[in-house]
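Right, one structure below, let's go through it.
Bear in mind the structure is a predicted one, so any value in this text is a computation, not a measurement. Just so we're on the same page: letters track the sequence lines, and every chain starts at 1.
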2 protein chains.
Amino acid sequence: MDERQLRILRELGELGSVTAVADALLVTPSAISQQLRLLQRAIPVPLTERQGRRLVLTDAGQALAGAATEVESALARARHTVEEFLDRPDGEVSVAAFSSAGAAFFPLLLRALAGPDGPVLALADADVTQDDFPPLTREYDLVLAHRLDHAPPWPRTVTATPLLSEPLDVALPAGHPLAAKPRLTPRDVADQPWIAVHDGFPIMATIEAIATAAGRRPRLAHRINEFSVAAEVVAAGGGLALMPRWTSRPHPDLVLKPLSGVQARRRIDALHRPERTARKAVRTVLTELRGAARTIRDGLAHDDDG
Amino acid sequence: MDERQLRILRELGELGSVTAVADALLVTPSAISQQLRLLQRAIPVPLTERQGRRLVLTDAGQALAGAATEVESALARARHTVEEFLDRPDGEVSVAAFSSAGAAFFPLLLRALAGPDGPVLALADADVTQDDFPPLTREYDLVLAHRLDHAPPWPRTVTATPLLSEPLDVALPAGHPLAAKPRLTPRDVADQPWIAVHDGFPIMATIEAIATAAGRRPRLAHRINEFSVAAEVVAAGGGLALMPRWTSRPHPDLVLKPLSGVQARRRIDALHRPERTARKAVRTVLTELRGAARTIRDGLAHDDDG
DNA sequence: ACGATCTTTTAGTTTCACTACACAGTCCGC
DNA sequence: GCGGACTGTGTAGTGAAACTAAAAGATCGT
């Protein structure tokens, strides 16, 4: 007793003849007859009986045909389950971000998607090396990753949605001699001690580019990934650091000065497996991420700070 | 997307590896892998993903696996539908009977099965010739039929449950000269005019046997199938008639006298197709029919008449 | 009685799920 | 770190199952 045989039985109940069922199912009457015989073989009481030259259902056959209808509707529901799953606006969407992007984007995202019937956010921070961003898309629907402008592009296995192209400024103590200048050149800062990131993390290449532009080798005094930690060290006179202009919360004792002469920008992208955007909820979050990026770029992110 | 593929997907969700599913379903992992691939071909988003060297369900896969469970339970219900149909005590049971059996059995049957949760009776009278009783089992669950003791048995296509072996008495007007005798011989009645049944109906052979036993040819004055009609004609002096001792309601102006010397009995059987008794409701009615037969034989049928 | 209609049977073909086997990726212990 | 165990996947071949075609059997209407 399989789905097809039950289907045939139900059709026979509705259409009232083997020929009609065959026409409806686009096969020969012979096929219908054979399948009915197979179904009957599994059941100890007659399901059909001849009525003149037509074949109709017995009471037992009608009972089984009724159950067949339930099987078919369950199958139809199963066939629609995937689309429904994809079209649900309120599914859980997991988003991973490296620290500074999380600090900047997560609050905006939570605020934008606070209402009911929207995606349920599952946020996570993930500070990994450049190469480890793409694999994160296996675990998270969306991954906020960053890379330098001239770094190699993301692998083809992931889709990258550009969110922000953010300048990297030089952070220095408010009382520092260089703080008086409106903008800094590589020669201004090449001899200063630098607070760099760990190996494999994106900002590193820019520090090296600055030193190279001035014909020096960079003085790497400290290795600190976390911008908030680095900011404190800069304020305490530990050295200079490159800091993103928009996504790091301003430190009261620090000033950010733009660099000229070298391309010092990082790109923030949302990475994801292509199929993830089949889900409406994921598309919604991605749209909100772009909106948040505009907010951040236009300097509206910290409005609530007065 | 068929039932088997959904089954495989569900098992994969529960067991967590292709090999485990293969073991559970008694096939090779290759077969599982191929079926998963076929299922995936019909769905635009990934249902499974590698996790180390194992294969697990994606969220979409889990959604579909959930729907698969419903399909399976619907199929399981379908597989049990027939048995449930057979085990239901409250189905409709159709019973056909020739006139006198209906008059005697139907009231007892209705009284015995009056309660709720019992079979719903669909009664019908059917006065047909001997040969036409077996075909009635196509239309009715149970058919009360009668035949003479020495008549050929019912064909093998039907099952016969013996209910009653009933003497046939000679009915004569209360004032008839023969009414004084306690029992009658063939010679007593052979020369009397008879009220016989139509050709092909069971009682005929016995009338002929009586005449033959006396060395005569029977005088067939009238042809009346219905015992109640025949009784009125006998009472009016139209002739003698053979009447069943128990299943005909006594006529006030008639007496019934037993015959000796010839075997004058009819058998009342319940005929049915063998598979009909697969239904519990039919078995219940058959049991009640046997009980009713005892009641009739023991003369308790007309208790309510005072 | 005959043709039309419907179902069933039989034989042959096609389709499809499966096995066997080889191979590739991943984990684990020495 | 490297072979060996484990897990999943691809390929060719096999067998079962569902189908078509053709013919026969059954029933209806004229």
Side-chain angles (χ1 to χ4, degrees), chain A residues 1-43 46-58 61 65 68 71-72 75 131-132 134-136 138-139 155 157 273, chain B residues 1-43 46-58 61 65 68 71-72 75 132 134-135 138-139 157:
Chain A
M1 181 188 308
D2 60 15
E3 189 253 334
R4 175 133 188 93
Q5 290 171 350
L6 290 176
R7 173 88 195 279
I8 288 173
L9 193 75
R10 184 183 66 73
E11 295 282 5
L12 180 62
E14 289 177 10
L15 300 175
S17 87
V18 171
T19 305
V21 175
D23 290 344
L25 300 185
L26 303 173
V27 293
T28 58
S30 177
I32 300 299
S33 182
Q34 291 175 60
Q35 287 305 306
L36 284 172
R37 190 156 53 97
L38 286 179
L39 175 60
Q40 182 64 77
R41 206 173 58 179
I43 310 254
L47 298 172
T48 59
E49 60 185 354
R50 293 292 290 258
Q51 195 173 82
R53 54 187 169 189
R54 293 236 286 271
L55 195 73
V56 298
L57 298 188
T58 61
V71 172
E72 285 181 60
L75 259 168
D131 296 339
D132 289 339
L136 284 179
R138 220 183 62 80
E139 194 171 351
T157 56
R273 299 271 177 94
Chain B
M1 180 187 309
D2 61 15
E3 189 252 335
R4 175 137 187 93
Q5 291 170 350
L6 291 176
R7 173 88 195 278
I8 287 173
L9 192 75
R10 184 184 65 74
E11 295 282 5
L12 180 61
E14 290 176 10
L15 300 175
S17 88
V18 171
T19 307
V21 175
D23 289 344
L25 300 185
L26 304 172
V27 294
T28 58
S30 178
I32 301 298
S33 181
Q34 292 174 61
Q35 288 305 306
L36 284 173
R37 189 157 54 98
L38 286 179
L39 176 60
Q40 182 65 78
R41 206 173 57 181
I43 310 256
L47 298 172
T48 59
E49 61 185 355
R50 291 293 289 257
Q51 196 172 82
R53 56 186 169 187
R54 293 235 286 271
L55 194 75
V56 299
L57 297 189
T58 61
V71 172
E72 285 182 59
L75 259 169
D132 288 340
R138 218 183 63 80
E139 191 171 354
T157 56

**OP:** Using a 4.0 Å cut-off on protein heavy atoms (strictly under), produce a 5'-to-3' string for nucleotides 17-22 of chain D with B for base contact, S for backbone-only sugar-phosphate contact, and - for none.
**Re:** -SBBB-

**OP:** Determine, for nucleotides 23-30 of chain D in 5'-to-3' order, which nucleotides have protein heavy atoms under 4.0 Å from the base (write B), from only the sugar-phosphate (write S), or from neither (write -).
**Re:** ----BB--

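The shortest side-chain heavy-atom distance between B:Leu75 and B:Glu3 falls under the 4.5 Å cut-off. B:Leu55 places none of its side-chain heavy atoms less than 4.5 Å from the side chain of B:Glu49.
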**OP:** Run the numbers on B:Asp2 and B:Gln5 for side chain to side chain contact (heavy atoms under 4.5 Å, CB included), then give the verdict.
**Re:** CA-CA 6 Å; B:Asp2 61 15; B:Gln5 291 170 350; 3.2 Å; yes

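In terms of modelled atom types and a separation under 3.5 Å, the side chain of A:Thr58 and the main chain of A:Pro46 share a donor-acceptor contact.
Checked against side chain to side chain contact (heavy atoms under 4.5 Å, CB included), A:Ala42 has no partners two or more places apart in sequence or in another chain. With sequence neighbours excluded, the residues satisfying side chain to side chain contact (heavy atoms under 4.5 Å, CB included) with B:Gln51 are A:Arg138, B:Val56.
Here the CD atom belonging to A:Gln35 is positioned 13.0 Å from the CD atom belonging to A:Gln40, to the nearest 0.5 angstrom.
Screening residues 12-26 of chain B for salt bridge (charged side-chain N to carboxylate O under 4.0 Å, His left out), with sequence neighbours left out, gives B:Arg10-B:Glu14.
Ionic pairing of A:Arg7 and A:Glu11 is present here: one or more N-O contacts between side-chain nitrogen and carboxylate oxygen are shorter than 4.0 angstrom.
Here the range on DNA chain C touched by chain B, meaning any atom under 4.0 Å from one of its heavy atoms, is C:dA17 to C:dC27.
In terms of heavy atoms, A:Ala65 sits closest to A:Leu57 at CB-CD1, 3.9 Å.
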